[in-house]
Structure formats: C-alpha cells, structure tokens
Amino acid sequence: MSKETFEFQAETKQLLNLMIHSIYTNHEIFLRELISNASDAIDKLHFESLTNSDLLAGESDFSIYLIPDEKSHTLSISDNGIGMNKEELINNIGTIAKSGTKAFLEKMLQAKTDNSPVSGKELIGQFGVGFYSAFMVANKITILTKKAGEKTAYKWESAGDGSYSIEECEKDTRGTTIVLTLDDTFYGDKAEENFLDKNLLSHLVKKYSDYVRYPIKMNFTIQETPKDADGKEIADAPKVEKTEVRTLNTMQPLWTRNKSDIKTEEYEEFYKNLFHDYEAPMKVMHNKVEGTIEYTSLLFFPAHAPYNLYHSDYEPGLQLYSRHVFIMDKCKDLLPEYLRFVKGLVDSPDFSLNISRELLQQSRELKTIGRNLEKSILKMLERTMKNDRPAYEKFWAEYGKSLKIGVYNNIYGDKAVTEKLQELLLFATSFEDKGLVSLKEYVERMPATQKVIYYATGKDRDAINNLPQMELIRDKGLGVLYLLDNVDEFAIESLREYNGKKFQSISRGDLQLDDVESEEVKKETADITKENESLIKDMKEVLKGKVSDIKVSNRLKSSAVCLVADEHGPSFAMEQVFAEANNPMFKAQRILELNPHHALFARLQQLHDLGKDEPQFQDYCSLLYDQALLIEGIMPDNPAHMAKLIASLMAK
Ligand code: ADP
C-alpha cells in the first residue's frame with residue numbers, strides 16, 4: 001500500500017483549530033491523555049485475551065514507555081496494547097464519531113466568548129477529545145501501530161493542518177507508539193515547559209498518572225562507579241554510563257489502602273485520572289465490605305452530569321476488578337439504570353477473572369453487590385438531605401432527574417426502593433416563592449382541609465401560576481406541586497400516592513374539592529348543569545372530535561374556560577412527551593370546562609337562544625376551545641382561522 005492522504009472530517013478540523021490556537025493554558029495534560037489512551041488500549045487487549053490468548057503471542061508483560069529524544073525533539077509514548085488497523089486509524093483518530101462533538105464545539109466556543117464558568121479545560125475531559133490535545137504541544141504527530149493478532153503495521157501522520165496520511169510501515173511489536181514532534185516552545189533549556197526533561201516527565205506522571213495499572217517506564221542514563229569482584233566501588237576509577245529503566249508510577253490501587261490514610265486530593269486525582277474528568281467529583285464513597293460476600297467499592301458522583309447522560313451513546317457502568325486485577329470496564333449490571341451517572345469500581349475476590357459478560361449477568365454475587373451498592377447510595381443521599389441540604393440540592397440539580405426516572409422505572413420493582421426514592425424527591429410548590437421541598441415537607445404544610453396532593457405541569461412557575469385553575473386553589477389556600485420537568489408527571493403518576501395522600505392534577509379529571517367545597521357550591525354547579533343541558537349538548541356537537549366532554553366548572557374564578565384532561569388517559573404534558581418521542585397515539589382526552597359565573601357564559605346562552613345553527617354561536621364555541629388550548633400551551637389546530645375570528649370580533 002502506498003501512502004494515502006485523507007482529509008479530517010469538518011468537525012475534527014474545527015476541533016484541531018481550537019486545540020492548537022486556543023484556550024488551554026494547561027498544556028501538560030496532553031501527557032495524561034496519551035497515557036490513559038495507552039492504558040485503555042492495554043485493558044482492551046487484556047480483556048480480549050481472556051477469550052483469545054493467542055492475541056498476546058507470548059508477550060504479557062504490559063507496559064507503557066516514555067521516550068524523550070533530544071536529537072529529533074520528539075517525545076514518544078509507546079504501549080503494547082491492542083493497537084489499531086487501518087480502519088480503526090481512520091475511524092478512531094481521523095473522525096470524531098461521537099455525537100457530542102458538535103455540542104462540545106458549541107460549548108467551547110461559548111466558553112471562549114462569554115467568559116462562562118465552564119472552561120475548555122473542564123470540557124475536554126467530558127467530551128473525550130484526549131488525543132487531539134497533543135496538538136497543543138506538537139507540530140507533527142506520527143502514530144506507528146500494529147493491531148494484536150494482525151500482520152500489517154501502519155504509520156499515520158498529521159501536522160494538524162486538516163489532513164493526515166496513512167501508509168504501511170515496519171513495526172515488530174504489537175501496540176501503538178505515538179511520536180510527538182514538539183513545537184519549538186516546548187523543549188530546550190529556555191522553554192518554560194520542556195517536555196523532553198525527564199524530571200518534568202517523571203513529575204507529571206506522578207501528578208496525573210500514578211495509579212495507572214501498568215508500569216509507565218522511562219530509561220535514565222546514570223553514571224556509575226565501577227565495582228570490583230566483591231561488589232565494592234573502585235575509588236578513583238572513571239565513572240561509566242549505564243542505562244537504567246525506572247518505573248515512574250506506584251501503581252498501587254488507591255482503593256486497597258486504608259480510608260483514613262487517603263487524602264481528599266488523592267481520591268480526586270485518582271478519579272480525574274481514571275475517568276478523564278477535569279473536575280473533582282462532588283461525592284466519593286469508599287467502602288470495604290467483609291462477610292459472606294467480600295468487596296471493596298469506590299464510587300464517584302461527577303461534579304456535573306455529562307451532557308449525554310440520558311442519550312443512548314452514554315455508556316454507564318462500573319469497572320470490575322478481582323483481587324486488584326482489572327477484569328472489565330463499564331459493567332452495566334451492577335447498578336440500576338437510574339444510577340447510571342455513578343462512576344467507579346468494584347473489586348471483589350468473588351468475581352472470577354475470566355468471566356464473560358453473559359455469565360456475569362447471571363452472577364449471584366454481582367446481584368448481591370449491586371443491591372448493596374444501591375442501598376448504600378440511597379442511604380447516603382438520605383443522610384445528605386437531612387444533614388446538608390445545600391449539598392443535597394446541588395446533587396439534585398445535577399441528578400434529580402435520574403431519581404425521578406428511578407421512581408418511574410421501579411413501578412413494578414422493589415417497593416422498599418420506591419419508598420426510599422420518594423423521600424428523596426424535591427419539588428417547587430405554590431407554598432413558597434422559591435426553593436424546593438420534599439413531599440414530606442409539602443404534606444406538613446397542607447391545610448387541614450386539603451386531602452389530596454395537587455400538582456400542575458408547566459414550563460416554569462409563571463406558566464403554572466397563570467393557569468385559570470390556580471386562582472381558586474390559591475383562594476382556598478391549597479398547595480400545588482409544580483412539575484416543571486418532562487419526567488415529573490411520569491414519576492408522580494407511578495407513585496399514585498404519598499403516605500396515603502393521592503396525587504391529583506389540577507388540570508385533569510375531577511378536582512375533588514369536595515372536602516374543601518361547600519355543599520351549596522356543589523348543588524349550584526349541578527343545578528346550572530341541568531338548566532343548561534341543551535346548551536352543553538349543542539356545544540359538544542359544534543366541537544365534535546375535538547373535545548370528549550364539556551362541563552360546568554367549579555374550578556374557575558375569573559377565567560371563562562379551561563381545558564382539563566380525562567383522569568384515565570395521559571395528561572397534556574404527557575401527550576407532549578409522547579409526541580416528541582414519535583408516539584402520537586397517546587392523546588389526552590380533552591374536557592372543556594366553562595365558568596358559569598363569567599359574563600361570557602350569559603352571552604353564550606343568548607347566542608344559543610337564537611338557535612344552534614347561528615354562525616356566531618359556532619364561532620364562539622370554536623374560539624373558546626382555542627383559548628383553552630392556548631392556556632394549556634397547546635397550539636390551536638388552525639391558528640389562522642382563530643386570528644380571523646378574533647379580528648372580526650374586534651372590528652364589531
Ligand atoms: P477517547 O480516548 O476519549 O476515546 P481519544 O481522541 O483520546 O478519545 O482517542 C480516540 C480513539 O483512538 C480511542 O477511543 C481509541 O479507540 C483510539 N486510540 C487512541 N490511542 C490509542 C492507543 N494508544 N492504542 C489504541 N487505540 C488508541
């Protein structure tokens with residue numbers, strides 16, 4: 001194969017540009033990125049070799065080498081991991097396949113322009129653009145790589161200028177060597193950061209990569225005094241130069257040490273290193289369990305939820321180790337789906353070293369450990385909520401949605417889990433202008449007359465406060481939970497009730513104001529309904545196919561109409577979610593409610609008296625319905641028609 005030249009994908013080009021010309025003042029992090037890629041590549045080979053030992057071809061001494069070369073001004077990072085073939089070079093290095101890249105670029109540009117608190121430094125890890133960071137210090141990068149089990153080796157080369165080349169090359173050993181031809185500013189005695197300086201390199205490995213599981217080695221030239229036959233130094237003899245290989249990292253797994261001996265910064269460095277994050281985690285949980293089942297777990301909550309947490313391209317899961325030996329990355333079967341944001345690892349002698357993913361799923365030990373982890377996470381959250389509310393609210397802002405999804409996903413699951421989860425939920429309510437309360441706190445504030453937990457959905461507090469139904473509720477001193485997130489209503493619906501108190505939407509079904517409402521009001525509503533039987537019947541005919549029912553309302557005060565959804569079907573907010581998910585089958589049954597005390601009601605009666613075919617009566621019905629839709633935030637079927645009707649009314 002002769003040399004081929006390829007163009008970087010457009011987005012990659014943009015990314016390279018940013019990388020080379022901008023934001024990072026912290027150049028040194030490229031080393032950690034490349035070392036961690038090398039370590040991942042060894043993990044991959046190790047994992048595949050469990051089922052195919054031929055891949056190792058007898059070489060199972062894994063290591064990563066740093067090779068600074070003064071003559072060529074290059075720094076090489078070499079591993080004997082899985083390596084890449086031509087397709088992989090193109091797909092993994094030439095293209096950024098991840099859907100998040102665009103989001104990354106946008107955020108990065110934003111961070112650059114508006115001095116936002118997210119710096120590029122934080123973003124780089126979150127979006128995994130690690131390899132490209134090497135272009136911050138190198139004006140040319142050469143990759144020499146040979147995939148384990150394959151014969152051909154390849155050389156990839158790019159100056160970061162929009163294109164790269166690939167050609168076949170000679171390489172005896174499997175794995176990858178990344179050769180960075182350093183930019184003038186990054187080597188030599190005058191350089192502020194000299195990345196050929198072995199002391200600096202050793203220091204950086206200690207700082208960022210000490211826990212990497214494989215030895216990171218570098219050759220040192222030392223001057224040695226010759227020794228005699230007894231091993232005694234010969235005085236006055238000229239020193240001889242010798243090469244000594246040193247391992248720069250300790251490799252001692254952090255989690256095997258005593259909790260009390262580990263400093264916060266050590267946990268933080270470990271986390272950043274292992275999970276390619278630039279921010280310290282918001283929570284660290286380190287537990288050692290001994291008993292019928294034995295394991296150590298080290299779990300982290302990232303400071304910020306990853307941008308793609310709820311996307312299918314986000315890979316949840318914990319790392320598995322057995323007696324400190326790495327077995328698997330991203331094991332999904334330990335934690336329930338709703339805890340997918342938790343990162344970390346579990347080390348247990350009860351895991352077998354070469355267990356397949358399929359067998360693992362059925363492993364009883366794994367299930368028990370998973371349940372224990374879930375329990376201890378929930379317990380920790382409960383404690384935080386009780387003892388450190390600001391910290392809990394910070395957690396809630398990032399991961400509250402996950403807990404709500406947990407409630408919903410657990411409908412048919414373990415009741416005990418749901419009971420714990422419901423105590424962890426926070427909502428905005430009409431009882432206070434800002435801040436969040438738990439269900440327990442809400443119930444404590446309910447007036448004695450209130451028997452159910454009212455809730456309303458909307459995009460923000462104002463949208464809900466402006467709902468016609470809210471007026472009466474406020475007048476009666478009742479409290480309403482504000483459901484402002486898509487998933488909220490699903491969670492509430494699956495709970496059904498909290499401590500014996502039913503959840504009741506203010507825009508759905510019967511408001512059940514019975515206990516609050518006087519007998520007189522109820523009787524009055526019934527009487528008006530009876531007197532207006534024919535009006536309601538004819539209105540229904542005009543709005544046929546649009547509404548399933550029309551009622552005289554007892555929930556309205558100053559508004560003329562409102563729309564409510566039938567108790568038994570989905571709500572309007574849920575209908576919206578289904579529609580967004582391309583599932584428009586689930587439609588809410590629309591019930592139009594009329595305020596009998598509004599002047600408009602009398603006008604309707606007048607028009608109706610002229611006959612149900614009276615065009616103005618029909619226009620009024622149609623306008624009332626469109627109004628009710630708008631109040632709920634739903635677009636009328638025919639906005640142009642609505643506008644025309646209003647215009648002609650206004651002209652009268
Ligand atoms: P990330 O590591 O977050 O996936 P990178 O840009 O750092 O992103 O690397 C892109 C991909 O290139 C990796 O996912 C991996 O498939 C491949 N790669 C990078 N370095 C190596 C290496 N030393 N050995 C094998 N594959 C590598």
Side-chain angles (χ1 to χ4, degrees), residues 6 8-9 11-16 18-20 24 29-49 55 62-67 75-101 103-105 108 122-138 141-150 153-158 160 164 166 171 173-180 208-209 212-214 216 272-278 302 306-308 313-315 329-330 343:
F6 301 82
F8 280 112
Q9 169 205 32
E11 288 179 343
T12 315
K13 266 192 215 169
Q14 261 179 302
L15 192 60
L16 279 170
L18 275 169
M19 205 61 81
I20 297 164
Y24 307 127
I29 52 101
F30 82 90
L31 188 64
R32 148 160 105 189
E33 292 303 309
L34 297 187
I35 288 177
S36 110
N37 279 352
S39 160
D40 290 349
I42 298 176
D43 279 347
K44 275 184 209 156
L45 176 62
H46 172 74
F47 185 63
E48 286 192 19
S49 71
L55 285 179
F62 295 120
S63 63
I64 298 165
Y65 260 91
L66 302 188
I67 311 149
L75 171 65
S76 303
I77 294 97
S78 185
D79 66 67
N80 55 358
I82 188 91
M84 281 175 274
N85 56 27
K86 189 179 162 194
E87 287 69 46
E88 287 165 334
L89 275 171
I90 296 172
N91 291 332
N92 300 346
I93 304 283
T95 8
I96 309 175
K98 296 176 197 102
S99 60
T101 312
F104 170 75
L105 285 168
M108 189 109 107
E122 283 156 15
L123 289 171
I124 185 172
Q126 216 182 341
F127 290 84
V129 286
F131 171 78
Y132 298 93
S133 65
F135 277 110
M136 289 191 294
V137 298
I141 299 182
T142 312
I143 304 177
L144 304 163
T145 185
K146 186 162 144 192
K147 177 134 189 187
E150 295 186 15
Y154 295 93
K155 174 172 155 183
W156 177 104
E157 201 158 71
S158 174
Y164 61 91
I166 297 182
K171 187 176 187 298
T173 50
R174 68 150 192 260
T176 304
T177 300
I178 312 246
V179 186
L180 309 179
Y208 293 117
S209 314
V212 167
R213 296 182 282 278
Y214 308 102
I216 302 164
K272 290 187 200 168
N273 199 1
L274 199 57
F275 298 106
H276 305 238
D277 196 345
Y278 280 76
Y307 72 96
N308 60 347
D313 65 359
Y314 175 84
E315 273 191 86
D329 202 10
K330 315 244 158 144
K343 300 208 174 204

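Being a predicted model, the structure only gives us computed values, none of them experimental. Counting starts at 1 for both ligands and their atoms, following the listed order.
With atom 26 (N) of ligand 1 as the reference point, the heavy atom nearest to it among Met84, Glu33, Lys44 is part of Met84. Across the listed options Ile35, Leu34, Thr176, Thr176 owns the non-hydrogen atom lying nearest to atom 22 (C) of ligand 1.
Among the atoms of Asn37, some N or O lies under 3.5 angstrom from an N or O of ligand 1. Between Phe131 and ligand 1, at least one N/O pair is under 3.5 Å apart.
Looking at Glu157 and Thr142, their side chains do bring a donor and an acceptor atom within 3.5 Å of each other.
Annotation: side chain to side chain contact (heavy atoms under 4.5 Å, CB included) contacts of Ser49 (sequence neighbours excluded): Leu56. Residues satisfying the side chain to side chain contact (heavy atoms under 4.5 Å, CB included) criterion with Glu87, sequence neighbours excluded, are Asn85, Asn91.
Listed by atom number, the atoms of ligand 1 under 4.0 Å from Ala41 heavy atoms are 22 (C), 24 (N), 25 (C). Proximity to Asn92 (heavy-atom distance under 4.0 Å) selects the following atoms of ligand 1: 10 (C), 11 (C), 12 (O), 16 (O), 17 (C). Listed by atom number, the atoms of ligand 1 under 4.0 Å from Asp79 heavy atoms are 22 (C), 23 (N).
Between Asp43 and Arg213 there is a salt bridge, since a side-chain N of the basic residue sits under 4.0 Å from a carboxylate O of the acidic one.
Looking at Ile93 against ligand 1, only its side chain comes within 4.0 Å, counting heavy atoms. The residue Ile178 has no part lying near ligand 1, judged by heavy-atom distances below 4.0 Å.
Relative ring orientation between Tyr132 and Phe8 is described as perpendicular, the plane-to-plane angle rising above 60° on a 0-90° scale split at 30° and 60°.
Heavy atoms only, all atoms of each residue included: Ser158 and Phe135 are closest at O-CE2, 3.7 Å. In this structure, Glu33 and Tyr278 approach most closely via the heavy-atom pair OE2-OH, 3.2 Å.
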